[in-house]
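Presented below is the structure to which this report refers.
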Amino acid sequence: MDLFIQTIVNGIIQSGFYALASIGLVLVFGVMRVVNFAHGELVMVGAYTVWLVHAQHGAPYLFTVVLAIILVTGIGLVMERFLFRPMMNDPLGGLICSIGVLFILQVIATYVGGEGPSKQVPPPFEGTMVIMDSIRIPYQRLFSICVSAAALVTLWYFLTRSTLGWAVRAVSMDREAAALQGISTVRISMVAIGVGAAMAGLAGALMAPLTNINPHMGHNVIITAFIVTIVGGIGSLPGAVIAAVLYALFHTFVTTYFSGTIATISGLLIMVLVLIVRPTGIMGHRVSE
Amino acid sequence: MRLDVTDLKVDYHNIAALKGISFTVPDGAFITMIGSNGAGKSTTLRTISGLVKPSAGTISVDGERIDRAAADKIVAMGISHVPEGRRVFKDLTVIENLYLGAFIYKDQDRIDRDLDEVYSHFPRLRERSSQQARTLSGGEQQMLSIGRALMSRPKVLLLDEPSLGLAPLVVQEIGEILQEINKNGVTVILVEQNADLALRLVDYGYVLENGRIIMSDKAENLANNDHVRKAYLGV
Amino acid sequence: MGFQLQQESRRKFLKQVAAGAATVSAAGIIPSRAFSANKTLTVGMNIPMTGDLAPWGLPGFYGCEIIANNINAWGGVTIGGETYDLSIATYDHAYETDKAVQGMKKLVLEDDAKMVMMLGGATVAAVLPWATRRKVLTTTLLPSDITPDSEYLIATCESHPLYNVTGVEYLAREFPDAKTAVIVTNNDVEYGLQSTATYQAAFEVAGIEVVDTNLHGFDVTDFAPIVSSVLAKNPDIFCMATSFYVTPIMEQLYHQGFTGKIISCTLDYYHEIIQKTSVDFVNGTIFQFPDFDDPALLESGISFPDPAGFDAAFRKDHPNDWSAVAWEYPVILLNWLENAKAAGSVESEAVIAHMTNNKQEFVFGGGDWWGSQLWGLDNVLIGRWPVVVVTDGKARIQEYGDLAGWLEKNKDVLTKHMKNLGLRTI
């Protein structure tokens with residue numbers, strides 16, 4: 001029973017990362033119709049920022065979290081302006097450019113951090129909360145899940161309660177119709193990649209003290225993000241968040257009671273199954289013309 | 001607002017969709033373009049609203065060129081386009097769709113007055129204001145699409161096949177509302193395959209075939225023209 | 001008589017290296033080879049210097065650089081009447097097999113490397129056909145790479161995974177109440193499974209029951225569920241068998257409140273683990289790889305020249321890069337140089353013949369050729385192996401385990417567990 005409850009706790013903590021890391025991919029694809037393969041590397045840059053500025057040079061952790069968000073948002077905006085915008089009418093071109101960025105960011109990370117072992121960031125929040133003698137939540141993870149949840153709720157509020165948020169969703173539903181309302185698709189693309197990159201930077205900064213930091217860490221992030229995006233419905237933001245929570249719980253339970261390998265394989269199988277049975281994802285709608 | 005189109009040419013993938021058309025729509029007029037599928041009607045509207053760039057020719061409103069401007073800038077110049085197939089934002093609610101129609105404005109009081117006016121034209125939209133647009137019927141979606149366009153305070157309203165797929169009663173209702181809008185001083189350009197309906201509503205009409213204007217006249221004259229009657233009115 | 005002479009020259013040689021280490025690290029200068037009239041003797045390192053396994057390649061290169069610089073500063077090394085400056089040529093294969101083959105050819109054909117050191121595993125298996133045909137003396141840190149035909153492949157330093165039994169022997173003796181164990185490690189054939197079979201055998205011999213073995217893949221980003229799952233079995237001992245994920249696993253053990261004994265093959269970068277957990281938590285962790293400033297390395301029978309000087313020189317230039325392999329490639333290099341000197345030749349056939357026909361001194365004492373019992377060829381040099389325990393936040397050698405003795409008695413148990421996991425044995 002304790003193991004069961006602990007597993008739910010583990011799963012919920014994980015779901016925050018999954019959602020935060022996936023949402024940017026969904027947002028950028030929805031608005032710009034580009035699969036940003038460098039999205040995992042944006043998470044990686046966020047983690048490296050914390051490692052370099054906080055762990056190596058002693059700046060306060062929270063400051064470096066904000067710095068990571070700003071830096072990664074900047075990278076996202078540069079990608080939009082110089083790669084995705086010129087490639088606007090060529091989704092394959094955008095994708096190939098993003099793969100180029102993926103390698104560039106990996107090389108820069110290697111240059112900055114050097115080769116060798118994965119980097120480690122000592123947790124700024126030490127200790128573990130123990131509930132009823134058996135359920136354990138490290139404070140660092142508690143902090144991460146609270147910040148992730150706050151960021152996701154803010155994003156949700158922005159997308160459902162503000163005109164700019166509706167405009168972002170309108171562009172992802174119908175670019176032309178949005179332009180006919182006077183919505184600048186270029187501006188909305190900047191908002192989408194800016195918000196998506198900010199979330200990726202935040203995810204990386206929150207993960208930094210909890211994971212192995214290396215130039216290749218984006219790989220696992222993007223695989224998870226793909227599964228979450230496809231299961232949740234390509235371009236569906238609520239779908240992505242729900243899929244992130246479900247997938248995190250699923251993965252955690254299967255890992256606990258069977259094995260991690262089976263968890264990942266069955267995750268990919270579910271993705272394939274969704275593609276066959278319901279290609280629009282659990283929250284996606286069939287496009288009707 | 002007066003609209004001048006001069007020798008407009010549009011190519012789609014090296015195939016000429018418009019082969020050089022010219023026409024003038026005076027301020028406050030209600031005109032139609034009729035023609036069969038692929039005649040170039042939609043292309044004309046899409047070029048005016050900036051979705052398609054012309055390969056030659058000019059478009060101007062009150063003497064000001066707009067043919068190089070982006071679609072989202074043209075809205076601010078007072079031209080609003082109700083696209084073919086309604087194109088409402090299906091995952092947004094009715095009221096969110098309408099607010100997006102006023103995206104270029106920040107004056108909340110005026111926006112809310114415009115919203116009331118749209119609701120007075122289409123009372124059913126008020127009833128359904130918090131429903132997702134995908135849950136509306138075809139006629140209601142068309143009303144929403146028109147209402148959304150009105151929210152941008154257009155001086156010229158472009159409508160592409162608003163009657164498509166709608167029941168006759170609904171078509172009738174929409175037609176009346178368009179006349180009302182025109183009476184309020186909005187220049188209206190209506191593209192229709194339903195020539196019968198169009199010619200009953202408007203003052204003046206153009207007939208397009210193969211990317212060219214082959215005929216233009218007052219609506220009643222066109223309705224009595226032999227070619228038009230045979231080709232478009234099915235008599 | 002001949003043996004005596006070798007011992008003499010060997011001691012002298014090692015003393016030179018040690019003195020060189022002291023001089024160079026004290027003066028902080030390395031004499032330029034441009035002034036040397038010596039010929040160059042090239043030794044190759046075909047290792048991962050980038051990628052996930054770089055921590056088990058790159059630090060070894062840094063270590064060999066220190067050795068080579070010291071030897072050259074002292075005038076070079078004389079073999080068969082010719083004095084050479086020692087040069088280390090490297091090829092970064094990033095642990096990819098096709099690159100490893102390419103690297104082998106580059107090192108041998110272009111750089112004229114007389115011997116090539118490798119990490120082991122799939123990359124060694126990939127180069128073996130060419131290296132054997134070409135008669136290139138190749139070394140590995142994974143004795144399980146040895147096959148009945150690999151006559152030019154030797155493992156003269158690391159006894160992976162065999163040495164793990166010494167840690168379990170120590171644990172069982174010092175903590176007799178610990179009766180159940182769980183094993184968590186990555187499920188690869190070269191590191192994780194080899195080590196898992198060895199730990200299973202060692203636990204069986206020690207009368208400790210393995211209540212769960214969790215073999216995970218390389219895609220794990222969160223170890224919380226895996227650790228929760230095995231801790232639900234209430235084990236006395238938590239064992240990591242050559243895990244690549246020691247740091248995140250230790251972090252989870254800490255947060256999930258594990259209070260039993262922890263034993264691991266490696267504990268690389270343990271200061272980072274302490275930063276992520278606490279000194280108290282990491283203290284008492286048993287593993288197999290010493291720091292070289294350990295006073296226990298000054299005991300007689302240890303044949304590494306000036307370990308503390310080496311440790312200091314390494315950490316001066318590469319403060320954060322010390323790992324298990326930092327001293328292992330240097331040990332292999334020194335052993336090869338001694339044998340080349342004694343054989344009077346740098347050619348592989350002569351050196352390997354000398355090695356196998358003469359008594360070898362293992363770095364931690366002892367020294368027997370072993371391997372035919374398990375892999376078909378006696379090309380593994382085994383001897384005593386240190387049991388290391390974190391004490392007051394430092395890795396400290398507790399004792400030197402008798403690996404040869406254990407294998408002598410329990411070889412069949414080990415073979416059984418290796419077969420159980422589907423590993424290659426003869």
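Predicted model only: the values in this text are computed from it and were never measured. Just so it is clear: chains get the letters A, B, ... in the order the sequence lines come, proteins before strands, and each one is counted from 1. What's counted below: heavy atoms across the whole structure, side chains too, no hydrogens, waters or symmetry copies.
Both the backbone and the side chain of Arg148(B) come within less than 4.5 Å of a heavy atom of chain A.
Residue Arg187(A) qualifies as open at atom CZ: its count of foreign heavy atoms under 6.0 Å is 12 or below. Heavy-atom contacts from other residues, nucleotides or ligands closer than 6.0 Å to OH of Tyr157(A) number 12 or fewer. Counting non-hydrogen atoms of other residues, nucleotides and ligands closer than 6.0 Å to CZ of Arg85(A) gives a total above 12.
Scanning residues 35-42 of chain A against chain B with a 4.5 Å heavy-atom cutoff picks out nothing at all.
Shown here for Phe103(B) and Ala167(A), the closest heavy-atom pair between the two residues is CE1-CB, 3.6 Å. Between Glu176(A) and Arg87(B), the closest heavy-atom pair is OE1-NH2, 3.0 Å. Between Ala170(A) and Leu100(B) the shortest heavy-atom distance is CB-CD1, 3.5 Å.
Distance check, rounded to the nearest 0.5 Å: CD1 of Ile95(B) to CH2 of Trp166(A) gives 7.0 Å. Rounding to the nearest 0.5 Å gives a distance of 11.0 Å between CG of Asp174(A) and CG of Leu92(B).
Across Glu96(B), Lys73(B), Arg46(B), the residue that shares the most heavy-atom pairs under 4.5 angstrom with chain A is Glu96(B).
Between Ser80(B) and Leu180(A) the shortest side-chain heavy-atom distance does not fall below 4.5 Å. Gln181(A) is not listed as a side-chain neighbour of Val75(B), based on a closest heavy-atom distance of 4.5 Å or more.
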